[in-house]
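Quick note on labels: first sequence line is chain A, next is B, and so on, each numbered from 1.
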There are 2 protein chains.
Amino acid sequence: MPEADIATLLAFFKAMANESRLRIIGLVAERERSVQELAELLDLKEPTVSHHLAALKALDLLHVRVEGVTHWHRLRPEGLHDFNRALFDQKDLTALAKPEQTWEEKVIANFLMPDGTLRTLPASRRKRWVLLKWQMSGFEEGRRYPEKEVNAILQRRHPDAATMRREMIGWKMLAREDNVYWRLPEDQWEEA
Amino acid sequence: MPEADIATLLAFFKAMANESRLRIIGLVAERERSVQELAELLDLKEPTVSHHLAALKALDLLHVRVEGVTHWHRLRPEGLHDFNRALFDQKDLTALAKPEQTWEEKVIANFLMPDGTLRTLPASRRKRWVLLKWQMSGFEEGRRYPEKEVNAILQRRHPDAATMRREMIGWKMLAREDNVYWRLPEDQWEEA
DNA sequence: GAACTCCATCGATGATTATCTAATCAGATA
DNA sequence: TATCTGATTAGATAATCATCGATGGAGTTC
């Protein structure tokens, strides 16, 4: 397993948090089992077993040997042990505390190209707002920027500086007078 | 933790199979946290956090220190390690395959005292039937038992041999002639 | 005692998921 | 090719569970 990021552990625990799947693990730990056989032993229908096996396979916990139309499943115990290690050393445990990316961070990550420029300006108004807010870090409070400089700053991210400038003013992030711009205090910015 | 029965493990995995609870674990692993604080960090409302904490407390994974109206929660790492051990040694793993106790096995377990004798003869006719059936293992087919021997066998489990003997005959588990008893074939026993 | 703070409980709501039937697929066999 | 068999996929349904607002309880402060 890669590193113990919260998503990986969560997927693992979700897979194990079901009685049918736990019992399947027990059964395929003993020896190879076919879908039919498992359905019989667990008193479930075959599609249900198939569904559970798919969940376990997605985590690479099973080995499948195909023999004609029969699929023989057995446990890959290393899979289990990988998760074991990941979970129970303290370093990884506290790593769970690290918050996930927020929605805004994800939006930014999605629109950012490797060179740091924006792929496009999002069509969604709310996403555009996130990206404009993000670009405000290019402006210091208390400084005055001629239009030419504003454009230069914005074009580091996307060529359509005019649109971005206009919307920043609309959201009250920037103010303008006589073609000179300045950053407004963050608590005055409007919400999307 | 006691032994790794499937119900215990299932409860543990269900508790861990939730992102909010995983992140709570990460946060309380670092240091003590109040409900408020967790709600803030996780961007959840307090009742939700309270609910998750209750789930973790039910598994004895948390330690709580009450200070005025504030409840400080921290992780009890031993709790985690107990589950760890239970899960990941192979012996316990295959134990998952063992089917749950049937109703009959539970009845027997409930009436059996540590020394192997019966606490009482159940009042319920159906439970009494289960326990009599179970005691039939003391009799071999094809052998003839004088009444004295029958009593001796039955009294290993409960002093009231007369009642048990009489009911075994009623259920056609035992037959009698001239004060000599013998076991009847299992497919002739009557159902409760 | 009144007001306030922090937390727990209750009941409702929406989302997720386990399970089923029906339909489909893919090897094997006639 | 037609048929059979074991497995998967699709779609529907029902149960479970996460979350919330409203309310209540218990300690603290005034």
Return whichever of A:Ala17 or B:His51 has its heavy-atom-nearest nucleotide of DNA chain C closer to the 5' end. B:His51
Starting from the 5' end of DNA chain C, give me the residue, B:His73 or A:Val69, whose nearest nucleotide shows up first. B:His73
Roughly how many Å is it from [atom1] in [X] to [atom2] in [N], rounded to a whole number?
X       : N      : atom1 : atom2 : value
A:Arg21 : C:dT19 : CZ    : C1'   : 12 Å
B:Glu19 : D:dC17 : CD    : C1'   : 15 Å
A:His71 : D:dT8  : NE2   : C1'   : 8 Å
A:Leu10 : D:dA18 : CG    : C1'   : 13 Å
B:Glu40 : C:dC7  : CD    : P     : 13 Å
A:Glu32 : D:dA7  : CD    : P     : 12 Å
B:Glu67 : C:dC7  : CD    : C1'   : 14 Å
A:Leu38 : D:dA7  : CG    : P     : 9 Å

A:Glu32 and side chain to side chain donor-acceptor pair (under 3.5 Å): which single residue from A:Arg74, A:Arg65, A:His73, A:His71 fits?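 Among A:Arg74, A:Arg65, A:His73, A:His71, the one meeting side chain to side chain donor-acceptor pair (under 3.5 Å) with A:Glu32 is A:Arg65.
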At less than 4.0 Å, is any side-chain N or O atom of [X] found next to OP1 or OP2 of [N]? Yes or no.
X       : N      : result
B:His52 : D:dT19 : yes
A:Ser20 : C:dT19 : yes
B:Lys57 : C:dA8  : yes

Is it the case that over 12 heavy atoms from other parts of the model lie below 6.0 angstrom from the CD atom of A:Gln155? yes
Does anything in residues 42-50 of chain B reach DNA chain D, meaning a heavy atom under 4.0 Å, and if so which residues?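 Residues of residues 42-50 of chain B that come under 4.0 Å of DNA chain D are, in numerical order, B:Leu44, B:Lys45, B:Pro47, B:Thr48.
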For A:Phe13 and B:Phe13, take the angle between the two ring planes, folded into 0 to 90°, and tell me which bin it lands in: parallel under 30, tilted 30 to 60, perpendicular over 60. tilted
With no hydrogens and no angle check, just 3.5 Å: does a side-chain donor-acceptor pair link B:His52 and B:Arg21?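 Side-chain D/A pair, B:His52 to B:Arg21: present.
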Looking at A:Ile153 and A:Gly138, what are the two nearest heavy atoms and their distance? CD1-O, 3.8 Å
Heavy-atom donor-acceptor pair, A:Arg183 side chain to A:Met136 backbone, under 3.5 Å: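 It does hold such a pair.
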Checking salt bridge (charged side-chain N to carboxylate O under 4.0 Å, His left out) against A:Lys172, which of A:Glu190, A:Glu191, A:Glu186 comes through?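 Of the listed options, the one satisfying the test is A:Glu190.
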If you check the B:Thr70 side chain, which of D:dT8, D:dT19, C:dC6 turns out closest?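 Of all the options, the side chain of B:Thr70 is nearest to C:dC6.
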